[in-house]
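Report on the following structure.
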Amino acid sequence: MRTVVEASRAIPVIAEPDVLVVGGGPAGIGAAVGAARSGARTMLIERYGFVGGNLTIAMVNPMFTFHDVNGKQVIRGVAGEVVNRLVQATASPGHVTDLTFDNASMTPFDPEGMKLVLLDMLEEAGVELLLHSTFSDVLKENGTITTVVIENKSGRQAICPKYVIDCSADADVIACAGAPFVKGRESDGAMQPVTLFYRIGGVDIPELKAWMKANRRLLKDAPADEEIDAQSALALLGMKEIIKEAMEKGEYPEDAAPRILMYELPREGQFAVNCTRLQGIDGTNARDLTRAEIETRRQAWGVAEFLRKRVGGFERSYVLDTGVQVGVRETRHIIGDYTMTEEDVLNSRAFEDGIACGTFAIDIHPPEGEQQIFTGSGKAVYEIPYRSLLPQGLDNVWAAGRCISATHHAFGSVRVMATAMAVGQGAGTAAALAAAEGATNRRVDVKRVRAALLAQGQYLLGEVIEDVGDDALKLRRKEGSGSHASHHNPFAAES
Ligand SMILES: Cc1cc2nc3c(=O)[nH]c(=O)nc-3n(C[C@H](O)[C@H](O)[C@H](O)COP(=O)(O)OP(=O)(O)OC[C@H]3O[C@@H](n4cnc5c(N)ncnc54)[C@H](O)[C@@H]3O)c2cc1C
């Protein structure tokens, strides 16, 4: 490839925070609030004009998953507070039964309400926020990042932090600093497909409920009338048969997922739709992303037309808005001091250095074939160890969110948004402790991080913690009864 050489130049240093968080998605919010509340002078940079990452930018909904199968809330802390605030702002019904993938709960929310709640929380915590600013480069001395270079409308600028938390989802900072990572699946580098999420408005809910009751066999687990009526936020998974028929007639986009998956939102008649799909896209490649934006947008309109024609209640529905960008499920995973495995997830493994819990099923949209779901006997609550956040060869950097060190399979569970926020809070709290002591990331006393997280209301395994079981969460699903997913734990003892 032809190259040119840029002239070197002096650029202004605009800030020297204790902790710099790169990326304002769920992980970045958890990290920034966690660090600032723990006393660190914290700065957050985000490339778009608002925060939230996939919660808002990619329009992904709902949040998974705060509760174990017994209804115990195992993700609390900053993420739990976000939900409480959303409920107060009537921007979420709170936690409701998951009618799609047999997780104990799901948490739908209004993305506009989310934008404001997150901003309020950052401001109240005293985080210095810089929007419209994209990470560009690092300067490094030995294993320490001394400078982070950003680009924005003011030009090229330098930030000289003591510590950096990479919450860019793609591990942009860590990759740029030369630390090792893998992309996608270990065997061949293939990554999960991308999806343009979008909102549909104008759905007639009573008509839709009547259609669901009349066509329950088309939906996962054929929900009973009482289940449909009781659900305060509907979720639909299925319709494979009518999609197949529509595809044969050219009335459903060929590459889109061959099933409907959508979630009712708190604002009247709105659904978030998770149906577009494109394989073979590298979310760190601008040409691939461009192709994805174009193709998935066409799919989105095709699926909306299908719903209008074939599903009761959707006759007068319309595409309300689409994500600011296509949702990228998977790119780089850092190679940390510990790489989480499928066995850790399915066997509910606790770690001495656990800094957050996860409890979502392993949900893999494979680079080929149908979506696969594996639940660890339906009870898996596991911990994410601190070592999975530590990039090799870097002493003042943490990863948080979907780029932490995990295999392609373990990643299928740890990637979700409630978990990402909890992991972010763990990283932010650790970074603040490091800043207070002038310690490197590997010298931080993780026992103290755990104690600080518990004091902030987080839940961790192996501790005596008051139960805040959610009475509103009633489990009505039989485990593993879905016709659209296979549920098994290859590591569980046969019973
Ligand atoms: C299609 C799809 C469906 C999904 N479904 C669900 C679901 O139903 N429920 C669920 O809980 N999870 C779901 N997920 C997973 C979840 O959305 C992500 O794994 C999660 O958002 C990861 O959090 P994060 O903070 O690491 O990254 P992100 O949410 O991607 O946030 C990263 C942030 O960093 C910013 N950023 C990135 N690069 C730079 C840069 N160079 N400079 C400055 N800022 C930067 C971005 O703008 C963004 O704000 C889904 C994901 C996708 C793509």
Checklist entry - Hey, mind stepping through Asp395 and Thr440 against side chain to side chain donor-acceptor pair (under 3.5 Å) and telling me if it holds? => result CA-CA 5 Å; Asp395 297 331; Thr440 63; 5.6 Å; no
Tell me which donor-acceptor pairs under 3.5 Å the side chains of residues 114-125 have, and how far apart each pair is, sequence neighbours excluded?
| from | atom 1 | to | atom 2 | distance (Å) |
| --- | --- | --- | --- | --- |
| Lys115 | NZ | Glu112 | OE2 | 2.7 |
| Glu124 | OE1 | Arg85 | NH2 | 2.5 |
| Glu124 | OE2 | Arg85 | NH1 | 3.3 |

Minimum heavy-atom separation for [X] to [Y], with atom names?
{"X": "Ala400", "Y": "Ile165", "answer": "CB-CG2, 4.2 Å"}
{"X": "Arg76", "Y": "Ile465", "answer": "NH1-CG2, 3.4 Å"}
{"X": "Val19", "Y": "Ala431", "answer": "CG2-CB, 3.9 Å"}
{"X": "Leu453", "Y": "Ile355", "answer": "CD1-O, 3.3 Å"}
{"X": "Ala177", "Y": "Lys140", "answer": "O-NZ, 2.8 Å"}

Can a donor-acceptor pair be found, under 3.5 Å and without considering hydrogens, that links the side chain of [X] to the backbone of [Y]?
{"X": "Asp282", "Y": "Thr331", "result": "no"}
{"X": "Asp166", "Y": "Val173", "result": "yes"}
{"X": "Asp172", "Y": "Phe135", "result": "no"}
{"X": "Thr276", "Y": "Leu196", "result": "yes"}

Checklist entry - Taking Met63 as the fixed residue, which of Ile75, Val83, Thr419 is the one that meets the side-chain contact (heavy atoms from CB on, under 4.5 Å) rule? => result Val83
Item to check | Passing candidate, side-chain contact (heavy atoms from CB on, under 4.5 Å) with Glu330, options His408, His365, Arg415, Arg185 | outcome: His408
Checklist entry - Would Arg402 and Asp170 satisfy salt bridge (charged side-chain N to carboxylate O under 4.0 Å, His left out), going step by step from the backbone distance to the final call? => result CA-CA 8 Å; Arg402 75 163 160 83; Asp170 298 318; 3.0 Å; yes
Next on the checklist: When you measure from the centre of the six-membered ring of Tyr382, is the NZ or CZ of Arg349 closer than 6.0 Å and no more than 45° off the axis?
Outcome noted: no
Between [atom1] on residue [X] and [atom2] on residue [Y], distance to nearest 0.5 Å:
{"X": "Phe360", "Y": "Thr65", "atom1": "CZ", "atom2": "OG1", "result": "5.5 Å"}
{"X": "Ile11", "Y": "Arg156", "atom1": "CD1", "atom2": "CZ", "result": "5.5 Å"}
{"X": "Thr146", "Y": "Ile159", "atom1": "OG1", "atom2": "CD1", "result": "12.5 Å"}
{"X": "Ile362", "Y": "Leu346", "atom1": "CD1", "atom2": "CG", "result": "4.0 Å"}
{"X": "Arg329", "Y": "Ile364", "atom1": "CZ", "atom2": "CD1", "result": "12.0 Å"}
{"X": "Glu342", "Y": "Ser413", "atom1": "CD", "atom2": "OG", "result": "10.5 Å"}

Checklist entry - Do the rings of Phe64 and Tyr263 sit parallel, tilted or perpendicular, given the 30° and 60° boundaries? => result perpendicular
Next on the checklist: Could you check whether any side-chain heavy atom of Thr107 comes within less than 4.5 Å of a side-chain heavy atom of Val96, counting everything from C-beta outward?
Outcome noted: no
Next on the checklist: Heavy-atom count check: over 12 atoms from other residues, nucleotides or ligands less than 6.0 Å from Asn142 CG?
Outcome noted: no
Checklist entry - What residues, two or more places apart in sequence or in another chain, satisfy side chain to side chain donor-acceptor pair (under 3.5 Å) together with Thr147? => result none
Next on the checklist: Run the ring-ring contact (aromatic ring centres under 6.0 Å, His included) test against Phe411 and tell me which residues pass, sequence neighbours left out.
Outcome noted: His333
Item to check | Sequence-distant partners of Tyr163, ring-ring contact (aromatic ring centres under 6.0 Å, His included), two or more places apart | outcome: Trp398
Next on the checklist: Would Gln392 and Asp337 count as a side chain to side chain donor-acceptor pair (under 3.5 Å) here? Give the steps.
Outcome noted: CA-CA 7 Å; Gln392 290 179 10; Asp337 288 2; 4.9 Å; no
Item to check | Derivation of the side-chain contact (heavy atoms from CB on, under 4.5 Å) call for Asn54 and Ile57 | outcome: CA-CA 5 Å; Asn54 281 358; Ile57 290 157; 5.6 Å; no
Taking distance alone, no hydrogens or angles, what donor-acceptor pairs closer than 3.5 Å link side-chain atoms of residues 21-50 to residues at least two apart or in another chain?
| from | atom 1 | to | atom 2 | distance (Å) |
| --- | --- | --- | --- | --- |
| Arg37 | NH1 | Glu81 | OE1 | 3.0 |
| Arg37 | NH2 | Glu81 | OE1 | 3.4 |
| Arg37 | NH2 | Glu81 | OE2 | 2.7 |
| Ser38 | OG | Gly34 | O | 2.6 |
| Ser38 | OG | Gln456 | NE2 | 3.3 |
| Arg41 | NH1 | Glu16 | O | 3.2 |
| Arg41 | NH2 | Glu16 | O | 3.2 |
| Arg41 | NH2 | Asp18 | OD1 | 3.0 |
| Thr42 | OG1 | Ala36 | N | 3.3 |
| Thr42 | OG1 | Ala40 | O | 2.9 |
| Glu46 | OE1 | Gly24 | N | 2.8 |
| Glu46 | OE2 | Tyr48 | N | 3.0 |
| Arg47 | NH2 | Gln325 | OE1 | 3.4 |
| Tyr48 | OH | Gln325 | OE1 | 2.8 |

Item to check | ring pair (Phe, Tyr, Trp, His ring centres under 6.0 Å) partners of residues 416-464, not counting sequence neighbours, each pair once | outcome: none
Checklist entry - Stepwise, does the ring pair (Phe, Tyr, Trp, His ring centres under 6.0 Å) test hold for Phe351 with Tyr338? => result CA-CA 11 Å; Phe351 293 90; Tyr338 180 84; 5.4 Å; yes
Checklist entry - After noting the C-alpha distance and the side-chain angles of Ser105 and His95, does the key distance pass the side chain to side chain donor-acceptor pair (under 3.5 Å) rule? => result CA-CA 6 Å; Ser105 69; His95 309 292; 4.6 Å; no
